[in-house]
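Here is the structure we will look at, set down as structure tokens.
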Protein chains: 2
Amino acid sequence: MDRFVSTYTMRLDAKGRVSIPAPFRAVLAKDGAESLHCHPSLAEPALDAGGSRLLGEIEDLIARYPPYSEAREQLATALYGTSESLRIDPEGRVVLTETQKAHAGIGDHVAFVGLGHKFRMWEPDRLKAHLAEATRRVRELRQAIGSQAEGPKGSPA
Amino acid sequence: MDRFVSTYTMRLDAKGRVSIPAPFRAVLAKDGAESLHCHPSLAEPALDAGGSRLLGEIEDLIARYPPYSEAREQLATALYGTSESLRIDPEGRVVLTETQKAHAGIGDHVAFVGLGHKFRMWEPDRLKAHLAEATRRVRELRQAIGSQAEGPKGSPA
DNA sequence: TGGGAGATCATGGGCGTCAATGGATTGGTG
DNA sequence: CACCAATCCATTGACGCCCATGATCTCCCA
């Protein structure tokens, strides 16, 4: 398995350490990551994290803009500047910074959500609310689609 | 780790010395830098700094313009003429010049922001404001990036 | 099919090391 | 002789590393 899949909820210990779920550690190891690259999600109160694939994606994005251009420097500031390269201890744990925990509202538990080439860390309750909202929207979307495609008689006016 | 990543805020002591964050020192060491090359940011009240990778980038940028062209000489003046090669003491500290501190409005604290191949030094409060703006811009760019396959590329500066 | 040994994993705590900072000392120089 | 600056030394506090403990899971074999 070379992608981050599924969701795991882990506990922070008294020192603020959190175990990265073992399956995610395996993906990171295969990816050749020594540390966990981590930055605030752009649109969510959560943290995006990953290994060299995530870093490569960010680098490519920035490299599209010419050196010293305003867009490039803003991208670099927002993406690199707010990133943390978290050290992974011998037991596979990391310590989130206060800034990161504040951004995601994380207290003593963290939910790890696999997103393929990266994963996302949430405060568990916020994740639950986020999922509820997401599924609600998907249902609406399906209904809209369904009433268009399936309605043999009632095509939408 | 071969990039400057994350943000660190450090304190100047009574002699004006400030520690370069240890992770940044590690990048500089890998880069083979003995001193810290440092110049005012072109568009911000901040200081850009780095090692030989930064020097290489500056050289490439200037080399794009024909010798004796006005653009070239202006760039060379702005990037080389205002540069300082700061000595790094055995504890990993540097002393900023008065000119540099004035340009960035730096008092007794400096925020070091990683930008990948270089990093930037800010007065901490100014960084906060700038970061908010950069984050806003990146959110806008994100939508454009999501909808178009290719980003802008090419024309210098 | 049930039991049990071994392995894996999440978690807790103690300790040594290093980084950040402050101050003292020494050497060069006008 | 005095001042500036660069190296050296010392302190404190955080953080990384090591080892320990349960608890769960896997797999093998009776």
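All chains are named by letter (A, B, ...) in the order of the sequence lines, taking the proteins before the strands, and each is independently numbered beginning at 1. Bear in mind that the values here come from a model prediction, so they are computed numbers and not experimental data. Quick note: numbers below take in every heavy atom, side chains included, and nothing from hydrogens, waters or symmetry partners.
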* Should we count CD of B:Glu59 as having more than 12 external heavy atoms under 6.0 Å? ->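 Open.
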* Under the salt bridge (Lys or Arg N to Asp or Glu O under 4.0 Å) test, which residues partner A:Glu123, sequence neighbours left out? ->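 Not a single residue meets the salt bridge (Lys or Arg N to Asp or Glu O under 4.0 Å) criterion with A:Glu123.
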* Asked: Between A:Ala14 and B:Ala22, which has a closest nucleotide on DNA chain C that is more 5'?
  ->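 It is A:Ala14 whose nearest nucleotide is closer to the 5' end.
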Polar atoms only, N or O, under 3.5 Å: list the protein pairs with nucleotides 19-23 of chain D and their distances.
{"from": "D:dC19", "atom 1": "N4", "to": "A:Glu91", "atom 2": "OE2", "distance (Å)": "3.1"}

* Asked: C:dA19 phosphate, OP1 or OP2: any side-chain N/O from B:Arg11 under 4.0 angstrom?
  ->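 Result: no.
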* To do: May I ask you to decide if B:Ala33's main-chain N or O and B:Asp31's side chain share a donor-acceptor pair within less than 3.5 Å?
  =>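 Side chain of B:Asp31 to backbone of B:Ala33, a donor-acceptor pair under 3.5 Å: no, none is there.
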With the threshold set at 4.0 Å, does a side-chain nitrogen-carboxylate oxygen contact exist between [X] and [Y]?
X	Y	result
B:Arg120	A:Glu73	yes
A:Arg87	A:Glu34	no
A:Glu140	A:Arg137	no
B:Lys118	B:Asp48	yes

* Asked: Side chains of A:Ser35 and A:Ser85: is there a donor and an acceptor less than 3.5 Å apart?
  ->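 Their side chains do contain a donor-acceptor pair, which is all the 3.5 Å distance test asks for.
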In this structure, how many angstroms lie between the [atom2] atom of [N] and the [atom1] atom of [X], rounded?
X	N	atom1	atom2	answer
B:Ile88	D:dA5	CD1	C1'	17 Å
B:Leu86	D:dA6	CG	C1'	14 Å
B:Asp89	C:dA19	CG	P	14 Å
A:Leu96	D:dC15	CG	C1'	15 Å
A:His109	C:dA10	NE2	P	14 Å
B:Arg87	D:dT7	CZ	P	7 Å
A:Glu98	D:dA14	CD	C1'	13 Å
B:Arg25	C:dT21	CZ	P	10 Å

* Asked: When all nucleic acid strands are considered with a 4.0 Å heavy-atom cut-off, which category describes A:Arg17: base, sugar-phosphate, or nothing?
  ->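 Here A:Arg17 touches the bases of the nucleic acid.
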* Structure fact -> Readout for nucleotides 25-30 of chain C: B = base within 4.0 Å of protein heavy atom, S = sugar-phosphate only, - = neither; 5' to 3' it is ------
* Verify the ring-centre separation between A:Phe119 and A:Phe24: is it less than 6.0 angstrom? =>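 Yes, close enough.
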* Asked: Any idea which of C:dA19, C:dG12, C:dA10 is nearest the A:Ser19 side chain?
  ->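 Side chain of A:Ser19 sits closest to C:dA10.
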* Report the nucleotide, chosen from D:dC18, C:dT11, C:dA20, that has the shortest atom-to-atom distance to any side-chain atom of B:Pro21. =>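 That would be C:dA20.
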